[in-house]
Amino acid sequence: MDGIGVSAGGDGPGTRPGPESGRRTVAAAPIALASGRLLAVRRAVAAVFAVHGAVTGSFATRVPWVQEHVGASPGQLGLALAFPAVGASLAMPLAGRISHRFGARRALGTLLAMWTLSLLLPVLAPNLPALCCALFVFGASAGMADVVMNALGVDIEEGLNRPIMSGLHGMWSVGALSGSAGGTVAAHLDVDARAHLAAAAVFLTLLGLTACRGVTDLRSASVGDPPPRFALPPKSALVIGAVGFCAVFAEGASLDWSAVYLRDVLGTSPGLAAASTTAFACTMALARLIGDAVVSRFGAVRTVRLGGMSATAGGALIVGAAHPAMAVVGFALIGLGIAVVVPLAFAAAGRSGPAPSQAIAGVATITYTSGLVAPSAMGTVAEATSLTGSFALVTVLALGLVVGAGVLRSAERPTGTAPLPDPA
């Protein structure tokens, strides 16, 4: 196969109904690429995902330093840490317009550089209001880059005609783990966070710009009406986003509350309590890296249903745990079960209508919101009932993945078509 046509929304080029009031718009023209070139673009985008994740991992390790530097109480820090999600949610709907105006390659390079360089902003903030502003910009740049790179991932997946989104998000997890490992070492050596994150920002910016050189615009930005400057997500994105909401809620709850659960409910040592978080993160990263092969074998809907069953079983194991080992296994099962849901939600959103970036932005906004509300919602339920009651809520939401998996059917590869093979 010498070339492949990549379309904007998964149905091929041509005229499609627009997202607004039945108006007809012309889809972006597909660009034919040799299969080897398309695979090279996939590798470049995978590197972009890893860089994006490394920024998150690097910052997370220096949050205690930031809290001490600005003199924030736990409540004030919690308020400040809500601002990245607020910034991302408000900025992500702009990403489609930016990508259309400048092309995906240029937009991704610029937005990714904004994200990597904004890593410096929180540690330079002298007080709490400045920190909130810095984190707002931090989240806005993260969210816009997130939308563009996921839209590119969906285009590449269509061109290769096989699932790749789980693997791309797996690379994000690898990047996050790498960034957190580097930050842990820097914190252990008592390196000033400003020096650490300045070096990380420069390194990751150079790495990200190098990766973006391998990215190709997979759609013609000059064809078709531009997306609106700011638009609410389409209804299809809301339905798909609801499934993503369940998965991200379980993810946020497990990351933030797993160690607390083992310590307070099961009376474990701090080391064993931390092992629950490690088990969750490792199984989630591993599942994402192998998730594309699983989706190719079973399809998106069946994979998410099986994952939902795994996460539900994990939640039930946590709620009924009589021994810490049972809870650790439960958190590992949740990580295994929810790993591929968000990548498949982005893939389904990108094929759900004529405006892929707008739909992806809608799903991303919903999932970011879920990550924002999960920790506080868990705390609220725990105060009203118990931590066990909080994880009963997680179990119910995990069951929602089993029930709602069918809305991700558009993420599946059409039957009767063969995927392009990886080069030897």
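Fair warning: this is a prediction, and the values are worked out from it, not measured in the lab.
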For F391, the ring-ring contact (aromatic ring centres under 6.0 Å, His included) test, sequence neighbours excluded, returns Y261, F331
Qualifying ring pair (Phe, Tyr, Trp, His ring centres under 6.0 Å) pairs with a residue from residues 113-153, counting only residues at least two apart or across chains: H52-W115, F59-F138, W115-F138
Checking H69 now: which residues fulfil side chain to side chain donor-acceptor pair (under 3.5 Å) with it, not counting sequence neighbours? none
Sequence neighbours excluded, every pair satisfying side-chain hydrogen bond (donor to acceptor under 3.5 Å, both in side chains) that has a member inside residues 56-66: R62-H196
Can you run down the side-chain hydrogen bond (donor to acceptor under 3.5 Å, both in side chains) pairs that involve residues 337-347, sequence neighbours left out, and say none if there aren't any? none
Just by modelled atom types, is the F245 backbone N or O under 3.5 Å from a matching donor or acceptor in the S370 side chain? yes
Going by salt bridge (Lys or Arg N to Asp or Glu O under 4.0 Å), name the residues that satisfy it together with D264, two or more places apart in sequence or in a different chain. none
Set of side chain to side chain donor-acceptor pair (under 3.5 Å) partners for T312, sequence neighbours left out: none
If only side-chain N and O atoms count, and only distance matters, is there a donor-acceptor pair under 3.5 Å linking R37 with T216? yes
Applying side-chain hydrogen bond (donor to acceptor under 3.5 Å, both in side chains), which residue pairs with at least one partner in residues 145-154 are found, sequence neighbours left out? D146-N150, D146-Y368, N150-H169
Who pairs with A80 by side-chain contact (heavy atoms from CB on, under 4.5 Å), at least two apart in sequence or on another chain? L128, L131, C132, L135
Full working for salt bridge (charged side-chain N to carboxylate O under 4.0 Å, His left out) between R42 and E157: CA-CA 9 Å; R42 183 192 69 171; E157 183 172 89; over 6 Å; no
Restricting to side chain to side chain donor-acceptor pair (under 3.5 Å), what partner residues turn up for S166, sequence neighbours left out? none
Mind checking salt bridge (Lys or Arg N to Asp or Glu O under 4.0 Å) for R106 and listing every partner two or more places apart, or none if nothing turns up? none
Residue pairs fulfilling side-chain hydrogen bond (donor to acceptor under 3.5 Å, both in side chains) with at least one residue in residues 124-136, sequence neighbours excluded: none
